[in-house]
Amino acid sequence: MATAITVSAAPGESLRTHLRAATMAAHDLLDHAMQTASGWQTRDDYARFLSLQHAARAPLESWLAAHAPAELAPPPQTGLIARDLVQLGMPVPPPAPLFTIGRPGPGAALGMAWVLAGSALGNKAIAKQVARIGGGAWPTAFLGDDGAMAFWQDLRARIERPAAASEAEGATRAAEAVFAHFLGVAELGAELGAGTAESVPA
Ligand code: HEM
């Protein structure tokens, strides 16, 4: 029998397990959308991938800076992405439109932090592929960010245990909102197509 996914955690379930289950379908959709929008098979694809990441993350980092306590604000990564883009000779894109989830309640910052910090796991896997495909010549300040991984390791203690119901619900809603935001940016990127990452004339 299929298990219904709700924003409420099952009794005794760790917050991490709950968040992963609740957003698994959204993560799969996003992974697929990002492969469609850019992927990272060529240098231009990789530049488009970084552009999407920058556009999507900029308003999320602003939200965290305004609403999250220091221990729930992952180290900003847009500066690292910009550095990679500049090294590739590509322009740094404008941020995606404002991200908002209304008045932040319990768990909101934690859910946001989980999505952004957890994405470092995927980035690690992508970094290996990028190193192989680019023959080690493509810049990976963002994908190989040790700061993100260190933040993730610290956050684990906070999420690998059950959370209060209100916190779990707030974290789930925030995490879903972040995935939806990223998906919107990826889908827009796919519509704009290959023309979005043009080399800056030397
Ligand atoms: C671009 C395509 C992406 C690929 C190929 C990818 C791949 C992965 C992989 C391999 C994992 C690790 C699974 C594991 O070790 O258990 C993972 C986990 C995760 N990724 Fe992604 N990912 C992608 C995009 C994203 C994006 C854009 C975000 C959010 C901004 C994201 C958020 C997460 C989260 C929250 C986790 C789970 C953390 C946890 O285990 O608690 N991913 N991803």
Side-chain angles (χ1 to χ4, degrees), residues 5 9 13-42 45-64 68 72-78 80-81 84 93 95-96 99 101 107-133 138 140 142-145 147-163 168 171-190 197:
I5 301 296
E13 186 181 37
S14 84
L15 181 59
R16 181 181 179 192
T17 302
H18 173 65
L19 288 171
R20 281 181 66 152
T23 60
M24 191 182 293
H27 183 280
D28 286 355
L29 260 183
L30 177 59
D31 179 353
H32 189 258
M34 292 200 66
Q35 312 268 3
T36 305
S38 64
W40 42 87
Q41 294 305 313
T42 68
D45 290 346
Y46 180 49
R48 263 199 313 282
F49 168 81
L50 291 173
S51 272
L52 290 174
Q53 289 276 358
H54 192 286
R57 282 172 195 266
L60 300 173
E61 289 180 1
S62 300
W63 189 95
L64 283 160
L72 291 182
Q77 292 188 292
T78 44
L80 299 174
I81 303 172
D84 288 340
F99 169 83
I101 48 172
L110 189 54
M112 298 268 299
W114 170 74
V115 184
L116 291 187
S119 72
L121 298 178
N123 283 353
K124 206 172 165 188
I126 297 170
K128 283 194 192 133
Q129 296 178 29
V130 161
R132 179 174 48 77
I133 300 166
W138 299 349
T140 53
F142 164 61
L143 290 177
D145 180 16
M149 201 42 92
F151 180 89
W152 165 250
Q153 293 301 348
D154 287 349
L155 188 70
R156 284 180 55 186
R158 180 90 182 253
I159 58 175
E160 289 181 350
R161 57 182 165 82
T172 306
R173 290 189 197 286
E176 285 170 343
V178 176
F179 277 113
H181 166 81
F182 250 94
L183 188 62
V185 174
E187 284 176 345
L188 186 64

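Counting starts at 1 for both ligands and their atoms, following the listed order. Computed from a predicted structure; not experimentally measured.
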>> Side chain or backbone, does R20 bring an N or O within less than 3.5 Å of an N or O on ligand 1?
In response: yes
> So which protein N/O/S atoms does atom 21 (Fe) of ligand 1 have within less than 2.8 Å?
Replying inline: H27 NE2
> Ignoring hydrogens and geometry, is there a side-chain-to-backbone donor-acceptor pair from T140 to L143 under 3.5 Å?
Replying inline: no
> Do R132 and Q129 have a side chain donor and acceptor closer than 3.5 Å?
Replying inline: no
> What orientation do F49 and W40 show, parallel under 30°, tilted 30 to 60°, or perpendicular over 60°?
Replying inline: perpendicular
>> List ligand 1 atoms under 4.0 Å from F182, heavy atoms only on the residue side.
In response: 27 (C), 30 (C)
> If every non-hydrogen atom of A109 is compared with every non-hydrogen atom of L64, which pair is closest and at what distance?
Replying inline: O-CD2, 4.4 Å
> For W114, is at least one N or O under 3.5 Å away from an N or O on ligand 1?
Replying inline: yes
>> Determine whether a donor-acceptor pair (N or O, by modelled atom type, separation under 3.5 Å) exists between the side chain of Q77 and the backbone of A148.
In response: no
>> If you count heavy atoms of other groups shown closer than 6.0 angstrom to CZ of R16, is the number above 12?
In response: yes
>> So, taking the atom named CG in L60 and the one named NE2 in H181, what distance separates them when rounded to the nearest 0.5 Å?
In response: 4.0 Å
> Right, does atom 13 (C) of ligand 1 have protein non-hydrogen atoms nearer than 4.0 Å?
Replying inline: no
> What protein heavy atom sits nearest atom 40 (O) of ligand 1, and how far away is it?
Replying inline: R16 NH2, 2.8 Å
> Counting each atom of ligand 1 from 1 as listed, which ones have a heavy atom of M34 under 4.0 Å away?
Replying inline: 1 (C), 27 (C)
>> Quick check for you: to the nearest 0.5 Å, what is the distance between F179 atom CZ and T23 atom OG1?
In response: 4.5 Å
> Rounded to the nearest 0.5 Å, how far apart are CD of E160 and CG of L15?
Replying inline: 10.0 Å
> Starting from atom 29 (C) of ligand 1, which protein heavy atom do you reach first, and at what distance in Å?
Replying inline: V115 CG1, 3.5 Å
